[in-house]
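To start, the structure under review is shown below, and the notes come after it.
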Amino acid sequence: MYQYKRSSELFDVSKKYIPGGVNSPVRAFNSVGGTPIFFEKAKGSVMIDVDGNEYIDYIGSWGPMILGHAHQPIIDAVKKAVDNSTSFGAPTELEYTIAELICKMAPNVDMVRMVNSGTEACMSAIRVARGYTGKDKFIKFVGCYHGHSDSFLIKAGSGASTFGEPNSPGVTAGTAKDTLTAEYNNLESVKKLISENLGEIAAIIIEPVAGNMGCVPPDMDFIKGVRSLCTEHNILLIFDEVMTGFRLARGGAQEFLGIDADLVTYGKVIGGGMPVGAYGGRKEIMDVVSPVGPVYQAGTLSGNPIAMTAGYTLLKELNENPSIYQELSDKTEYLRKGLIQVFDESGVNYKINSMGSMISIFFTDVDVIDFETSATANNEKFPIFFHQMLKRGIYLPPSSFESYFLSNSLSYEQLDKTIQACKESLAEIK
Ligand SMILES: Cc1ncc(COP(=O)(O)O)c(C=O)c1O
Ligand SMILES: N[C@H](C=O)CCC(=O)O
């Protein structure tokens, strides 16, 4: 029987010094209730909390733990790197090495600039698109999340929707007016915005496989149509690959879907769990970035040697072992089939979406194709399921608006345990 005594104590004292006791809102368990679990350590796919409870992890630090926690080659490389200093604030050879590797792995990326988070990467990519095209407006999709910079907090997914604040106070009307919102998987909504704002749109930014309204794969006609519209109207297509980059395939969603982007943003994965982000694209576009061009973007700790070491070690392994992607897909498919079987037996309404190693369960009977349909699953069943799974040692994202991320360190035995836990949990929510 799991008990959360120490987590509870830590949550109480944290709330005194940290807003809501957490450093990022989705961690607070607000939409599922109860006490957030405070963790002490993790190895592979198992996380251990401060009360000594063990969980099979389906968050993977929100994506980067593709090969599992405390992956030995990353730990060894980082230990070695810290001896040489934790930051120089000056260029290092490693920055060139990882940039070259990213450009080799990712299609349409000739140049890449490192930043410190996915938010910074997306914010900078929009600035570059504006600087390159000389236009101000951009289109995003309802329920997609591109970080917490002002212009993205308009109908945003992830924590913003979980907390019922898709439009955040603090974002001025002046900023919001340049963010146009279309419906995911609805090409007509994109066409309409373009025709209403002809010649004014710099970029369309999209999660090519959405993960911040749960996992919502793109309809291929839709995503191809978005690409064509961008080409036709001189709009830059920005793929936000903070979740999908180097996860769906070596070349991320661009390779996985066979669609070319003009700019791409990356995040957590390229830091192997350290705080990193990056944006990149064709040379002619990236040449507008300072100090070559006039678009200013900087970062004191950008290209941090420890983060670069962790990221390079992970990317190198992914690059050299493409079978990892097949293994991950096979495991996700095994889990999906197992879940379908126990859900069908249970009689509980559900939909499961998955793509590559991203998967989500939705407690709804409508196909989940956009934010509106995803929101139908944000109901009373989800918190019950979440806590039933938790007490059986399965750690899922504490919000119905998040994707699960599988790690290749998951064993088939752990997947079976998860399916069995799901079967038992469903019996509790009928
Ligand atoms: C698709 C996407 N873009 C951007 C971000 C923002 O990244 P970060 O939280 O590192 O700022 C996230 C995750 O939070 C994300 O999932
Ligand atoms: N959806 C977000 C990242 O992928 C959730 C993580 C966070 O905002 O803390």
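Start at 1 and go down the list; that is how both ligands and their atoms are numbered.
- Shown in contact with K268 at under 4.0 Å from a heavy atom are these atoms of ligand 2, numbered in order with element: 3 (C), 4 (O).
- Near ligand 1, residues S117, G118, T119, Y145, H146, G147, E207, N212, D240, V242, M243, K268 each place a heavy atom inside the 4.0 Å sphere around the ligand atoms.
- Atom 2 (C) of ligand 2 has its closest protein heavy atom at S158 OG, 3.3 Å.
- One distance of note links OG1 of T244 with CZ of R247; it measures 10.0 Å at 0.5 Å rounding.
- With a 4.0 Å cut-off on non-hydrogen atoms, H148 does not touch ligand 2 at all.
- Around CD of E255, the count of heavy atoms belonging to other residues, nucleotides or ligands within 6.0 Å exceeds 12.
- Electrostatic pairing of E9 and K5 counts as a salt bridge here, judged by a charged N lying under 4.0 Å from a carboxylate O.
- Residue-environment remark: NZ (K316) stays at or below the threshold of 12 foreign heavy atoms within 6.0 Å.
- Ring centroids of F29 and F11 are separated by 6.0 Å or more, keeping the two rings apart.
- Closest to atom 1 (N) of ligand 2 by heavy atom, among N212, V26, T119, is N212.
- Ring pair Y2/Y55 is perpendicular by interplanar angle, where above 60° counts as perpendicular and below 30° as parallel.
- Aromatic rings from F138 and F152 are positioned such that their centres are separated by under 6.0 Å.
- Below 3.5 Å of separation, one finds an N or O of E402 facing an N or O of ligand 2.
- Environment of CZ in F88: crowded, with over 12 heavy atoms of neighbouring residues, nucleotides or ligands closer than 6.0 Å.
- When only non-hydrogen protein atoms are considered, atom 9 (O) of ligand 2 lies nearest to S24 OG, 2.6 Å.
- A salt bridge links K351 and D367; the closest N-O separation between the charged side-chain nitrogens and carboxylate oxygens is under 4.0 Å.
- Proximity to W62 (heavy-atom distance under 4.0 Å) selects the following atoms of ligand 2: 4 (O), 5 (C), 6 (C).
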